[in-house]
Amino acid sequence: MPELPEVETITRSLDKILPGKVFQQVTVRYSGSLNCSSQAFKDQLIKQRINQVWRRGKLIVLDLKENLHLVFHLKMSGRLLYESGSDWQLDKHSHLIFEFYEQGYLIFHDTRKFGYCSLLNSNALYQWTYFAGLGPEPLDLNEDEFVHIFQKSRARIKSVLLDQSKIAGIGNIYADESLHEAGIHPATPCCQLDQDRLRKLSLSLKGVLLRSIQAGGTTLRDYVDGLGNPGNYQNGFMAYGRKGLPCKTCSTLLESCKVAGRTTVYCPQCQPLSI
DNA sequence: CGTGCGGCCTGAATGC
DNA sequence: TGCATTCAGGCCGCAC
């Protein structure tokens, strides 16, 4: 489930390789991944050159010529993988195959088919409600800006962390991990948290995201970066997926509950509900 | 405004 | 062994 650190890692790996490459051939094996017909997709892409690869929230954007953008959302199980040779395995979940004039292939692979690939001009991209509605990048926020986003909400803190329109790129893993590090119960209403606690959360969130990027992201099942390398951050998990295991800080057994419909793991000792 | 649920989809894990 | 159920989760649309 690629979140900000995984998407950032993929983006960095692809941005070292793809710029300058030109699409020679595009094979659509599952058109449900696209926002247009397979034919229109191919017609618009072929002979287009990739200029840059960047990330916004959980989106990966390939800038092409003439204000055209190829945008990927990997959702839970998507992969975007560069293959330099022609000896790669064609899997039944490889939905899009892009071949370059210069060398190599870019493969969009998505077991669960939740992910998508949209071809958009600049106007369409910037007017797209999801894109336009994305909140700020957590790594670009200073503590005051972070506090401002959260302090007035009456919603539970984890719900707001997961809300892409409030802050972009956080998913279930990094919500649980940052709340654990900050010592905040995930169901705490934001407005019950004072400035110091929100500042602490701001620091914890940035720390968790940066350490995960450093570790190449988290690999649970599907995730690999743009070159096929798995991440290592799962070994550093303090909370996510550790229900019933002892807290690495205080040895209390971790508990779980549902917040915003998602499984949430926390330490009842380190993350008390009442402050 | 906030919450909760169903739907989309597949495969791994679990239950009988 | 083999079948059915449950779970995972990002995001949307909808009901309350």
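Side chains are part of it too, since the values below use all heavy atoms of this structure and drop only hydrogens, waters and symmetry mates. The structure displayed is predicted, hence computed values, not measured ones. Proteins come first, then strands; the chains are lettered A, B, ... in the order of their sequence lines, and each starts at number 1.
Spacing between atom CG of A:L74 and atom C1' of C:dA8 amounts to 17 Å, rounded to whole angstrom units. Here B:dG6 presents its P atom at 12 Å from NZ of A:K258, a figure rounded to the nearest Å. In this structure, A:K166 atom NZ and C:dC11 atom C1' are separated by 15 Å, rounded to whole Å. Look at NZ on A:K243: it is 9 Å from P on C:dA8, rounded to the nearest Å. Note: CG (A:L134) to P (C:dC11) measures 8 Å, nearest angstrom. Atom CE of A:M76 and atom C1' of B:dC9 are 8 Å apart (whole Å). Separating the CZ atom of A:R262 from the C1' atom of C:dT6 is a distance of 18 Å, rounded to the nearest angstrom. The CZ atom of A:R156 sits 7 Å away from the C1' atom of B:dT3 (whole-angstrom rounding).
Contact annotation: A:T263 reaches the phosphate of C:dA8 (side-chain N/O to OP1 or OP2, under 4.0 Å). Regarding contacts with the backbone of C:dC11, a side-chain N or O of A:H73 is found under 4.0 angstrom from either OP1 or OP2. For A:Y130, no side-chain nitrogen or oxygen approaches OP1 or OP2 of C:dC12 to under 4.0 Å. In this structure, A:Q164 does not reach the C:dG10 phosphate: none of its side-chain N or O atoms is under 4.0 Å from OP1 or OP2. At the phosphate of B:dG7, neither OP1 nor OP2 sits under 4.0 Å from any side-chain N or O atom of A:K75. An OP1 or OP2 oxygen of B:dG2 is reached within less than 4.0 angstrom by no side-chain nitrogen or oxygen of A:K158.
Side chain of A:R154, nearest nucleotide from C:dC12, B:dG11, B:dC1: B:dC1. Minimum atom distance to the side chain of A:Y30 is reached by B:dC9, of the listed C:dC11, B:dC9, B:dG11. The side chain of A:A155 has B:dT3 as its nearest neighbour among B:dT3, C:dC11, C:dA8. Of the candidate nucleotides B:dT10, C:dA8, B:dT3, B:dT10 has the atom nearest to the side chain of A:H93. Checking B:dG11, C:dG10, B:dG2 against the side-chain heavy atoms of A:S153 singles out B:dG2 as nearest. Each of B:dT3, C:dC11, C:dA8 was ranked by its minimum atom distance to the side chain of A:K58; first place goes to C:dC11.
If you check every strand for non-hydrogen atoms under 4.0 Å, A:K152 touches nothing. Note on A:Y240: only backbone sugar-phosphate atoms sit closer than 4.0 angstrom, heavy atoms only; bases stay farther off. No engagement by A:G261 is indicated, since no non-hydrogen atom pair under 4.0 Å with the nucleic acid exists.
Counting heavy atoms of neighbouring residues, nucleotides and ligands inside a 6.0 Å radius, atom CZ of A:R154 does not exceed 12 of them.
Side-chain heavy atoms closer than 4.5 Å link hydrophobic residues (I, L, V, M, F, W, Y) into clusters, and following such links, even through other members, never connects A:L120 to A:L62.
With a 6.0 Å cutoff to the six-membered ring centre and a 45° limit on the axis angle, A:K113 counts as a cation-pi contact of A:Y30.
Using a 3.5 Å distance cut-off with no hydrogens or angles, the side chains of A:D110 and A:S77 do pair a donor with an acceptor.
For B:dC8, the base is stacked against the aromatic ring of A:F114, per a cut-off of 5.5 Å between centres and 30° between planes.
Taking A:D91 as the reference, A:H109 meet the side chain to side chain donor-acceptor pair (under 3.5 Å) condition, with sequence neighbours excluded.
Of the options A:V208, A:L162, A:L4, a side chain to side chain contact (heavy atoms under 4.5 Å, CB included) to A:Y174 is made by A:V208 and by none of the others.
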